[in-house]
Amino acid sequence: MAESRVKLSKKDRLAVAWRSTFLQGSWNYERMQNGGWCFSMIPAIKKLYKTKEDRAAALKRHLEFFNTHPYVASPILGVTLALEEDRANGTEVDDAAIQGVKVGMMGPLAGVGDPVFWFTLRPMLGALGASLALGGNILGPIIFFVAWNIIRWAFMWYTQEFGYKAGSKITDDMSGGMLQYVTSLASIMGMFVLGGLIERWVNITFKPTVSTVKLQDGAYIQWDKLPKGAEGIKEALIQYNNGKGLSLTSEKVTTLQDNLNSLIPGLAALLLTFLCMWLLKKKVSPIIIIIAIFIVGILGHVVGLL
């Protein structure tokens, strides 16, 4: 009577997915994420192999070098589970084939994870949560934490299932343009989000005065003619905000920042961002850029420029 085929259940695959959350828990400089990868595979190895020797060989097989974005490791896990299942059922799948699939997929997928998660999704959710938090809404950090983990976990689980069901055939897609398309789309979205955040989070104010103009009578609030006390304050607010739009002072002072704002609001912040991006492209250390910004900001304040 033929031996029944051993198959990984959904419970087994869920155990692997849960353990993959700790993929970088034992990260090391020699083989990177190999410890976390092997830890993730243990439930499947225990199910597929019955002897101590087979399990030891499988563990050794998965302690080879592995390194990719921690979230996009999930489809690679799924493909590997399918290959290990085939091997446990007698299919000719050797160690080199399994390791070759892992190595072949981890490089291209690593380039997808950063623009999708670090440069697009996290800034978007972070900006949403920070905006709510700045307004005193406690839902800000809660929404960020909950939404981030729901999206992250859903992506990891469903891509692992996709890899498991597709098996080794998924590697055929690596030569196509799918990954390049996803990477380009995520990069564009990331730059769009970054551009939207510049005006909100980067603030530069130039203090030098360009001109001072004496206003005519009736163009500014004459404080000495207002009633005393609360009535005077009320009248001043009415003159300032309603209809008349009177100036608070008898002189109109125009600063360099006012001229820049009339030209393009947020121009200085945008130029500073472009400068930092150019320096990063030239391989200048981010630490050096941060220190330089601190120094320029302090000196600018001391001389009255900023």
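By convention here, the first residue in the shown sequence is residue 1.
The existence of a salt bridge linking Arg122 and Asp114 is excluded, since no basic side-chain nitrogen approaches an acidic carboxylate oxygen closer than 4.0 Å. Using a 4.0 Å cut-off between charged nitrogen and carboxylate oxygen, Arg87 and Asp95 count as a salt-bridge pair.
A distance of 6.0 Å or more separates the ring centres of Trp157 and Phe155.
Partners of Arg19 by salt bridge (Lys or Arg N to Asp or Glu O under 4.0 Å), not counting sequence neighbours: none found. Scanning for side-chain contact (heavy atoms from CB on, under 4.5 Å) contacts around Arg152 gives Thr21, Tyr71, Trp148, Asn149, Met156, with sequence neighbours left out.
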Run Ile76 and Met106 through side chain to side chain contact (heavy atoms under 4.5 Å, CB included) and show every step you take.
CA-CA 7 Å; Ile76 310 176; Met106 69 183 186; 3.9 Å; yes

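Around OH of Tyr158, the count of heavy atoms belonging to other residues, nucleotides or ligands within 6.0 Å does not exceed 12. Residue Phe145 qualifies as open at atom CZ: its count of foreign heavy atoms under 6.0 Å is 12 or below.
Side-chain contact between Val112 and His69 is absent, with no heavy-atom pair separated by less than 4.5 Å.
Expressed to the nearest 0.5 Å, how far CD of Glu161 lies from CG of Leu81 amounts to 9.0 Å.
Asn28 places a side-chain N or O within 3.5 Å of a backbone atom of Arg31 that can act as its donor or acceptor partner. No donor-acceptor distance shorter than 3.5 angstrom exists from the side chain of Asp86 to the backbone of Leu83, with no hydrogens or angles considered.
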